Each structure stands twice: as C-alpha cells, then as structure tokens.
**Q** 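The structure follows.
Just so it is clear, the model here is predicted, and its values are computed rather than measured.
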Amino acid sequence: MEGKVESLWEEVRELTLGTTVDRLQSPPTPLQFLRDFVSQSKPCIISNAISHWPALSLWSTPSYLATALSSSLVSLHLTPDGQADALVPHPSQSSLCFVSAHVQPTLFPQALDLIRLPPSHLVAYLQQQNDCFRTEYSELESDCDAHIPWASEALGCLPEAVNLWIGNHLSQTSFHKDHYENLYAVVSGEKHFLLLPPTDVHRMYIKEYPAARYSYSQENGEFRLEVEEPERYVPWSSVDPCPARASLKQESLKFPLYFNGPKPFEVTVKAGEVLYLPSMWFHHVRQSPGDGGCTIAVNYWYDMQFDIKYAYFNFLQSLPCRSIDDQTIPEGDSEDDSGPHASSNHLNSRFSGDESATNNVEIHKDRDNVEVHERTFVLDSSMFVWFF
C-alpha cells in the first residue's frame with residue numbers, strides 16, 4: 001500500500017502541481033481563479049492585489065496602530081517560546097500533548113509593545129482568529145477591503161471570517177490544515193510557508209494528543225501547563241519540519257514518509273502579496289518582521305465546498321499505512337503509541353488536524369468520514385489526481 005500512496009505523491013506533482021507555486025503579477029479574473037486554482041486545489045501567490053490598501057503604508061507605523069486602537073481590548077496569546085497549537089512534553093507523562101496559548105485580554109498599545117519588544121520570559125502573538133478583525137479591530141476596517149472581490153465572485157460567497165495576525169520572528173505555527181479557502185494578505189514583514197497537498201496526509205503522521213493549555217501568572221511571570229479536564233484529544237501532525245541539526249537524524253527515523261518524500265513547497269509571501277491557500281492543504285508558518293518590528297497579515301476564510309473532493313480526502317486518510325500504524329519510536333523517545341488515540345488511520349473526526357481553526361469558528365456542516373473495513377483492495381493513484 002505504501003508504494004501506491006507514494007506514487008500518488010509523485011503523480012499529483014507531475015500532472016497538476018509542478019514543483020513551485022505559481023506567481024501572478026496581477027489579480028486573476030474570477031473565472032481564471034476558479035478554473036486554474038480553486039478547482040485544481042492549487043495554491044498561488046498574487047501580486048498587486050492589495051496595492052490600493054491604505055494599510056500598506058499606515059500599519060508599518062506602530063504609532064498609527066496604537067492611536068487607532070488606543071482603547072481597544074484585544075485577545076493576546078502568550079506562550080513561553082512562541083509555539084502555540086503545538087506539541088510539547090506532557091506535564092505528568094512520558095509523552096506529548098497538544099498545547100494552546102494563554103489568552104490574556106489586553107489593551108492594544110500594551111499588546112503591541114510586548115510583540116515589538118519581547119521580554120525574555122514570554123512570546124506574545126495577536127492571533128485570535130474567530131473573525132477577530134471585524135470584532136476586535138473594527139477601527140481598522142477602512143484600511144483594507146472587506147473581502148477579495150475576484151475571490152468572492154469565484155467562490156460564490158463572502159468570507160465567513162476575516163482575521164488579523166500581528167506577531168514577531170519568535171512565533172511560528174506547526175503543520176496543520178484548515179477547512180477553508182484561504183486568501184492570506186501580508187501587510188508588513190514576510191510570512192514563510194511550507195505547504196503540502198491533501199494527498200500527502202500520511203506524511204503528517206496525524207495522531208490524537210491530549211489537549212492542554214498554558215496558564216500565565218502576571219505576578220511571577222511564569223507559565224504552567226495544564227491538561228484539560230475532562231480529558232479531550234486533538235488530532236495533530238507529529239512532524240516538526242525544522243528540527244535542530246542535532247536531532248535531524250532521529251526525526252528522520254521517526255517520520256520517514258515526511259523526510260524521505262517529496263519536498264514541501266516553500267513560499268515566502270512579502271508585504272503587498274496575497275497567498276491563495278486551498279482548503280485542506282497542510283501548512284507550517286514562520287515570519288519575519290517588517291520596518292515596524294512586526295509581521296502583520298489579514299486573512300479571509302471562505303467556506304469550502306464539502307463535495308466529492310472532501311469525500312476522497314477522507315477515503316485517502318482512512319487507508320492503512322504500515323509506516324504509521326506500526327511506527328516505532330527510536331530509543332530515547334518514550335512516546336506512548338498505544339491506546340485508542342494512537343493512529344491517524346483510526347480517526348473519525350471531520351476536523352482532524354485542524355484544531356486551530358475549529359476552536360474559534362463554529363461550522364454547521366456535519367460529514368461522516370469514510371471508514372475502510374476491507375484492506376485487500378487495489379489503489380489506483382490516478383483516481384485522486386483530478387480531485388486534488
């Protein structure tokens with residue numbers, strides 16, 4: 001089965017994706033965008049799509065933002081190391097858990113200072129999602145478009161959520177996917193993405209991890225990691241694509257499908273550019289600040305179509321893969337792979353690997369994943385290429 005799945009990874013790149021992400025020098029027409037990118041689940045970077053936004057010149061000045069939002073209470077996410085919605089050692093077991101950030105209501109000028117001039121004991125990030133641009137930052141709405149017109153026409157709807165992201169070089173986002181068509185506009189600084197198509201789901205080594213959350217004490221400036229009660233499990237990618245040099249060999253042995261497979265697409269989205277990130281694509285994100293000491297972006301989440309492509313993804317995800325089902329952790333790593341939450345192939349959650357989006361925006365489309373009970377069938381990889 002592994003050989004058939006690996007053939008799929010190669011064929012989807014040969015037949016439709018290529019080896020690099022397309023760059024458009026001007027916004028596409030709605031028809032071009034729908035035909036060449038949305039229908040093919042193919043990312044692209046678009047230049048000169050937001051050049052008319054006042055935000056491009058105004059938001060790189062911290063004093064402008066601090067004045068415009070002087071009395072705004074915003075949701076500031078705090079972590080000890082810049083990694084929220086990520087895997088960390090479990091506080092009481094020799095395994096890993098999925099951790100979310102401590103969220104602290106903070107006046108915007110104070111939040112901005114913590115981001116621009118980070119203290120040594122914490123990393124601050126404005127990443128609330130949950131349509132936060134229109135709820136927490138409404139004073140800035142006139143500085144950019146309420147939606148992306150050519151995308152809205154192509155997709156036949158307005159965005160379900162518009163989010164503002166303000167962070168620094170210390171924050172990064174681990175591999176995950178979102179159930180949205182995503183138009184990601186960078187206003188200041190740069191965003192660095194690693195991208196993998198939905199066909200590569202087995203390379204993510206998705207497992208279920210117990211959910212936890214950081215709790216931050218302003219009195220002593222310390223973080224405490226608290227496992228959620230009652231117990232809740234979150235399906236998440238086990239792969240760190242950028243391990244320290246000293247641990248690269250061990251990580252490669254733990255996750256050979258990722259490290260030995262086709263390289264992820266690497267893209268840098270600069271200020272003034274828009275990334276179209278198709279729904280269900282896995283992405284890992286880092287960032288570089290602009291002149292104002294921050295990386296600032298606005299993204300538009302358009303609801304995806306839960307159609308035959310989604311059914312095929314669930315079918316593909318359910319296929320058994322020995323490299324994952326029988327994964328052996330090298331000596332020195334005592335992570336427990338046993339129990340009902342161990343394998344991605346036994347998940348039955350519509351939002352597997354997508355906790356970051358579903359924590360914040362409620363969606364009302366329930367779909368059942370495809371269960372595969374008979375393992376003696378032949379997988380023809382060409383059947384998937386059109387759909388991804």
Side-chain angles (χ1 to χ4, degrees), residues 74-106 121-132 135-136 161 163 165 167 170-180 204-240 282-285 301 317 329 333-364 366 369:
V74 296
S75 301
L76 184 63
H77 291 232
L78 302 176
T79 62
D81 56 6
Q83 299 193 46
D85 292 349
L87 302 179
V88 300
H90 194 287
S92 59
Q93 302 175 14
S94 57
S95 59
L96 300 176
C97 63
F98 172 87
V99 64
S100 300
H102 174 89
V103 181
Q104 179 71 45
T106 307
H121 65 287
L122 62 79
V123 177
Y125 194 12
L126 290 168
Q127 57 158 18
Q128 177 64 11
Q129 303 172 61
N130 198 30
D131 201 28
C132 66
T135 56
E136 295 190 0
N163 305 307
W165 310 77
L170 297 173
S171 294
Q172 63 176 292
T173 304
S174 60
F175 260 126
H176 68 287
K177 69 182 189 300
D178 298 314
H179 292 71
Y180 291 99
M204 293 287 88
Y205 292 85
I206 295 171
K207 295 171 53 179
E208 287 196 332
Y209 294 93
R213 187 174 297 275
Y214 284 121
S215 177
Y216 176 68
S217 170
Q218 289 184 305
E219 294 181 359
N220 58 25
E222 295 181 353
F223 285 90
R224 186 173 67 254
L225 184 59
E226 300 176 342
V227 177
E228 291 188 13
E229 294 182 0
E231 191 175 56
R232 180 173 69 92
Y233 282 81
V234 176
W236 204 255
S237 171
S238 306
V239 175
D240 176 4
F282 295 95
H283 49 290
H284 177 280
V285 192
W301 268 338
Q317 181 174 240
I329 302 297
D333 240 316
S334 56
E335 182 178 336
D336 183 6
D337 287 349
S338 62
H341 307 288
S343 171
S344 65
N345 298 313
H346 304 295
L347 304 183
N348 194 30
S349 167
R350 182 170 76 89
F351 295 110
S352 61
D354 188 25
E355 182 70 11
S356 64
T358 58
N359 265 346
N360 296 296
V361 180
E362 183 178 0
I363 307 176
H364 300 286
D366 290 327
N369 283 348

**Q** What is the distance from atom OG of S238 to atom CD1 of I206, rounded to the nearest 0.5 Å?
**A** 8.5 Å
**Q** Looking at V239 and M204, what are the two nearest heavy atoms and their distance?
**A** CG2-O, 3.8 Å
**Q** Between H176 and H283, is the ring centroid distance below 6.0 Å?
**A** yes
**Q** Could you tell me if the ring centre of Y214 sits under 6.0 Å from that of F223?
**A** yes
**Q** Are the side chain of R213 and the backbone N or O of V227 linked by a donor-acceptor pair below 3.5 Å?
**A** no
**Q** Report the C-alpha separation of L76 and L126 in whole Å, then their side-chain angles, then the decisive distance to 0.1 Å, and conclude whether the side-chain contact (heavy atoms from CB on, under 4.5 Å) test is met.
**A** CA-CA 5 Å; L76 184 63; L126 290 168; 3.7 Å; yes
**Q** For D85 and S100, what are the C-alpha separation, side-chain angles and deciding distance, and is it a side-chain contact (heavy atoms from CB on, under 4.5 Å)?
**A** CA-CA 5 Å; D85 292 349; S100 300; 3.6 Å; yes
**Q** Can Y125 and T79 be counted as having a side-chain donor-acceptor contact under 3.5 angstrom?
**A** no
**Q** Which pair of heavy atoms, one from L225 and one from P89, lies closest together, and at what distance?
**A** CD2-O, 3.5 Å
**Q** So, do W236 and F98 have ring centers that fall under 6.0 Å from each other?
**A** yes
**Q** Start with the C-alpha gap between E136 and N130, add the side-chain angles, then the distance that decides, and say whether side-chain contact (heavy atoms from CB on, under 4.5 Å) holds.
**A** CA-CA 10 Å; E136 295 190 0; N130 198 30; over 6 Å; no
**Q** Quick check: do P91 and C97 have side-chain heavy atoms less than 4.5 Å from each other?
**A** yes
**Q** List the atom of D131, the atom of A161, and the distance in Å for their closest heavy-atom pair.
**A** OD1-CA, 3.4 Å
**Q** Determine, stepwise, if the pair Y216 / Q218 fulfils side-chain hydrogen bond (donor to acceptor under 3.5 Å, both in side chains).
**A** CA-CA 6 Å; Y216 176 68; Q218 289 184 305; over 6 Å; no
**Q** Return the minimal non-hydrogen interatomic distance between A124 and S171, and the atom names on each side.
**A** O-OG, 4.2 Å
**Q** Please round to the nearest 0.5 Å and tell me the distance separating atom CZ of R224 and atom OG of S215.
**A** 4.5 Å
**Q** For the atom pair NE2 (H102) and CG (L122), what is the distance rounded to the nearest 0.5 Å?
**A** 10.0 Å
**Q** Cut-off 3.5 Å, side chains only: do Q83 and S174 have a donor facing an acceptor?
**A** no
**Q** Measure the spacing between CH2 of W165 and CD of Q129 and express it to the nearest 0.5 Å.
**A** 4.0 Å
**Q** What's the shortest heavy-atom distance between H121 and G221, and which atoms?
**A** CD2-O, 3.4 Å
